[in-house]
Enquirer: 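Here it is: the structure, laid out below.
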Amino acid sequence: MLKTSAYAAVSAVSPLAPYTIDRRKPGPRDVLIDILYCGVCHSDIHQVRDEWGDSIFPMVPGHEIVGRVVEAGLSVGSFKVGDIVGVGCFVDSCRTCAACTDGEEQYCEHGMSATYNGYERSGPQLDPDRPTYGGYSTRITVDEKYVLRIPPGIPLERAAPLLCAGITTWSPLRRFGVGPGSEVAVLGLGGLGHVAVKLAKAMGADVTVLSGSAGKEADARRLGADDFVVTSNRTAFKAHAERFDLILDTASAQHDYNAYLQLLRRDGTLVLLGLPEPSPLDAGPLVMRRRSITGSLIGGIRATQDMLDFCAEHGIAADVEVIGMAQVNEAYERMLAGDVRYRFVIDIASLRGA
Ligand code: NAP
Ligand code: ZN
Ligand code: ZN
């Protein structure tokens with residue numbers, strides 16, 4: 001085992017604090033990655049605080065990982081020492097179920113191994129009782145099949161958030177065939193939302209941000225939005241009724257889905273990406289205009305690579321505020337207060353030096 005510096009929460013009410021974990025030595029198919037940057041996703045907060053009721057402690061969060069390969073197992077074919085790579089929200093899956101063979105490993109019928117707050121699978125060098133630990137740490141061992149190539153040209157700290165925020169918003173934009181002529185709305189201008197705006201715009205859509213924060217309008221337009229609607233103004237829901245083909249709902253806190261459904265055209269779709277507390281749903285807005293409501297979970301490995309390559313080609317990267325590891329608890333509070341433009345990214349050098 002490789003002793004590795006990390007930051008962990010030991011319970012749902014504990015702040016993140018220094019902690020040492022064991023990483024497995026790389027097996028034949030594994031790469032060992034020195035982590036350079038790790039993004040801070042709102043899902044980290046939900047899970048550290050056990051808001052989904054499935055948290056495993058101690059927990060080392062972090063699933064927006066960029067690093068450098070420092071060791072490669074004998075059978076590794078796609079990566080070599082020195083390569084710059086990424087790891088997203090999962091590090092393993094069964095590889096044989098319909099979801100896995102479709103390249104939708106995140107929906108693995110036997111359960112994906114989440115990058116953290118999950119367990120390893122069975123197999124050589126693996127232990128199904130060993131919890132997974134995420135990117136708030138100096139290194140990670142991952143099977144090469146679950147590792148992404150970071151294309152040249154994207155600044156590494158700005159690439160990290162693409163591994164979750166990027167793929168999560170990419171998946172529904174592709175699934176619903178967004179392109180020129182599409183009227184897309186992005187609800188919530190945070191980590192996911194700001195990447196969604198850039199991706200949808202690059203795909204040729206007409207993009208509107210629906211935000212509770214009037215002060216974000218200039219940013220939204222700079223990011224590429226064509227329009228900005230302040231949702232705290234209730235007349236907005238009448239003024240923009242039946243306007244959009246697709247709404248990507250990235251809001252992290254409870255809100256009224258029924259009100260947002262009214263903003264869709266006939267046959268329009270509301271895609272839930274945020275995972276807040278439950279909220280009631282009325283049949284009316286769905287029935288009366290044959291609208292749909294659906295959800296979407298991150299994306300598969302192949303799609304994640306396509307998204308990274310698209311971002312490199314179109315000059316897309318996250319807007320980030322780089323922090324040291326010791327600032328992470330404060331960063332959580334700032335995210336909850338809506339004070340982040342638009343993703344915190346931890347410089348893992350700050351943990352290595354500690
Ligand atoms: P974030 O950076 O904190 O952004 C969330 C945004 O939601 C805020 O910037 C805010 O935007 C908006 N918001 C907050 N409270 C709201 C409320 N009461 N009503 C409406 N909007 C509200 O979070 P994130 O990292 O982008 O994550 C967003 C959500 O997606 C989280 O629940 C996270 O767990 C989830 N997530 C899901 C997946 C998936 O695979 N489905 C992947 C990653 C994350 P405005 O200031 O513009 O209103
Ligand atoms: Zn995430
Ligand atoms: Zn599977």
Side-chain angles (χ1 to χ4, degrees), residues 41-47 51-55 63-64 88-90 93 97-100 102-112 114-115 117-118 161-178 182-197 199-200 203 205 207 209-210 231 244-265 267-287 289-304 306-307:
C41 177
H42 207 110
S43 301
D44 298 350
I45 304 180
H46 289 309
Q47 291 175 95
E51 290 170 359
W52 299 339
D54 64 354
S55 293
H63 58 207
E64 293 184 336
C89 299
F90 55 94
S93 65
C97 75
C100 285
D102 283 351
E104 303 276 10
E105 301 92 342
Q106 71 280 20
Y107 302 115
C108 175
E109 292 165 17
H110 303 283
M112 62 167 175
T115 301
N117 199 27
L162 301 175
L163 275 306
C164 175
I167 183 58
T168 301
T169 51
W170 168 270
S171 296
L173 291 171
R174 279 298 194 231
R175 175 176 160 208
F176 291 99
V178 163
S182 307
E183 280 282 347
V184 173
V186 175
L187 167 52
L189 195 64
L192 265 58
H194 91 287
V195 179
V197 170
L199 289 174
M203 290 174 190
V207 183
V209 168
L210 309 173
T231 53
F244 304 108
D245 299 304
L246 189 70
I247 301 176
L248 298 191
D249 182 345
T250 77
S252 55
Q254 200 177 47
H255 54 289
D256 181 5
Y257 298 131
N258 308 301
Y260 290 97
L261 281 168
Q262 307 279 7
L263 301 183
L264 291 169
R265 289 179 180 157
D267 288 331
T269 306
L270 172 64
V271 186
L272 304 187
L273 299 174
L275 288 153
E277 318 80 74
S279 186
L281 191 60
D282 290 347
L286 297 168
V287 170
R289 292 287 184 277
R290 200 167 55 188
R291 298 171 175 118
S292 303
I293 185 163
T294 185
S296 188
L297 177 67
I298 44 176
I301 293 293
R302 200 163 54 221
T304 306
D306 288 349
M307 176 275 306

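All residue numbers in this chain count up from 1 along the given sequence. Not measured: the values here are computed from a predicted model.
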Enquirer: Just verifying a value: how many Å separate Glu109 CD and Cys100 SG, rounded to the nearest 0.5 Å?
Expert: 8.0 Å
Enquirer: Could you tell me which non-hydrogen atom of Val184 sits nearest to which non-hydrogen atom of Phe244, and how far apart they are?
Expert: C-CD2, 4.2 Å
Enquirer: Let's go through Arg291 and Leu270 carefully: what are the C-alpha distance in whole Å and the side-chain angles of both, what is the deciding distance for side-chain contact (heavy atoms from CB on, under 4.5 Å) to 0.1 Å, and is it a yes or a no?
Expert: CA-CA 8 Å; Arg291 298 171 175 118; Leu270 172 64; over 6 Å; no
Enquirer: Closest approach of Val186 and Val207, non-hydrogen atoms and distance?
Expert: CG2-CG1, 4.3 Å
Enquirer: Could you tell me whether the side chain of Ser182 and the main chain of Ala205 form a donor-acceptor pair under 3.5 Å?
Expert: no
Enquirer: Closest approach of Thr304 and Gly299, non-hydrogen atoms and distance?
Expert: OG1-O, 3.8 Å
Enquirer: Is there a side-chain contact (heavy atoms from CB on, under 4.5 Å) between Tyr257 and His255? Walk through the geometry before answering.
Expert: CA-CA 6 Å; Tyr257 298 131; His255 54 289; 3.4 Å; yes
Enquirer: Would you say the side chain of His194 lies within less than 4.5 Å of the side chain of Val209, judging by non-hydrogen atoms?
Expert: no
Enquirer: side-chain contact (heavy atoms from CB on, under 4.5 Å) for Leu162 and Trp170? Distances and angles first, verdict last.
Expert: CA-CA 9 Å; Leu162 301 175; Trp170 168 270; over 6 Å; no
Enquirer: Who are the side-chain contact (heavy atoms from CB on, under 4.5 Å) partners of Asp282, not counting sequence neighbours?
Expert: Asn258, Pro285
Enquirer: List for me each residue that meets side-chain hydrogen bond (donor to acceptor under 3.5 Å, both in side chains) alongside Ser43, sequence neighbours excluded, and say none if there are none.
Expert: none
Enquirer: Which pair of non-hydrogen atoms, one from Thr168 and one from Cys164, has the smallest distance, and what is that distance?
Expert: OG1-O, 2.7 Å
Enquirer: Not counting sequence neighbours, which residues clear side-chain contact (heavy atoms from CB on, under 4.5 Å) with Ala165? List them please.
Expert: Glu64, Leu192, Val195, Arg343
Enquirer: Taking atom CG of Leu261 and atom CZ of Arg289, what is their separation to the nearest 0.5 Å?
Expert: 12.5 Å
Enquirer: Passes side-chain contact (heavy atoms from CB on, under 4.5 Å), Val271 versus Phe176? Steps please.
Expert: CA-CA 10 Å; Val271 186; Phe176 291 99; 3.8 Å; yes
Enquirer: Any chance you could measure Leu272, atom CG, to Leu297, atom CG, to the nearest 0.5 Å?
Expert: 12.5 Å
Enquirer: What pairs with Glu104 under side-chain hydrogen bond (donor to acceptor under 3.5 Å, both in side chains), at least two apart in sequence or on another chain?
Expert: Gln106
Enquirer: Test of understanding: with salt bridge (charged side-chain N to carboxylate O under 4.0 Å, His left out), list the residues that count as partners of Arg302, not counting sequence neighbours.
Expert: none
Enquirer: What is the minimum heavy-atom distance between Ala196 and Leu248, and which atoms define it?
Expert: CB-CD1, 4.0 Å
Enquirer: Would you find a donor on one side and an acceptor on the other, under 3.5 Å apart, between the side chain of Thr250 and the backbone of Gly274?
Expert: no
Enquirer: Less than 4.5 Å apart, side chain to side chain, heavy atoms only: is that true for Ile301 and Glu105?
Expert: yes
Enquirer: So, using side-chain hydrogen bond (donor to acceptor under 3.5 Å, both in side chains) as the criterion, who are the partners of Glu51 when residues are at least two apart?
Expert: His46
Enquirer: What residues, two or more places apart in sequence or in another chain, satisfy salt bridge (charged side-chain N to carboxylate O under 4.0 Å, His left out) together with Arg290?
Expert: Asp267
Enquirer: Going by side-chain contact (heavy atoms from CB on, under 4.5 Å), name the residues that satisfy it together with Ser171, two or more places apart in sequence or in a different chain.
Expert: Ile167, Ser296
Enquirer: Does Arg175 have any salt bridge (charged side-chain N to carboxylate O under 4.0 Å, His left out) partners at least two apart in sequence or in another chain, and if so, which?
Expert: none
Enquirer: How long is the gap from CD1 on Ile247 to CG on Leu264, to the nearest 0.5 Å?
Expert: 4.0 Å
Enquirer: Once side-chain hydrogen bond (donor to acceptor under 3.5 Å, both in side chains) is applied, do any residues pair with Ser279, and if so which ones, sequence neighbours excluded?
Expert: none
Enquirer: Does some side-chain heavy atom of Arg174 sit less than 4.5 Å from a side-chain heavy atom of Met203?
Expert: yes
Enquirer: So, Thr269 side chain and Ile293 main chain: donor-acceptor pair closer than 3.5 Å or not?
Expert: no
Enquirer: With sequence neighbours left out, what residues match Thr231 under side-chain contact (heavy atoms from CB on, under 4.5 Å)?
Expert: Leu210, Phe237, Tyr260
Enquirer: Provide the closest heavy-atom pair for Cys89 versus Ile298 in the form atom of the first, atom of the second, distance.
Expert: CB-CD1, 3.4 Å
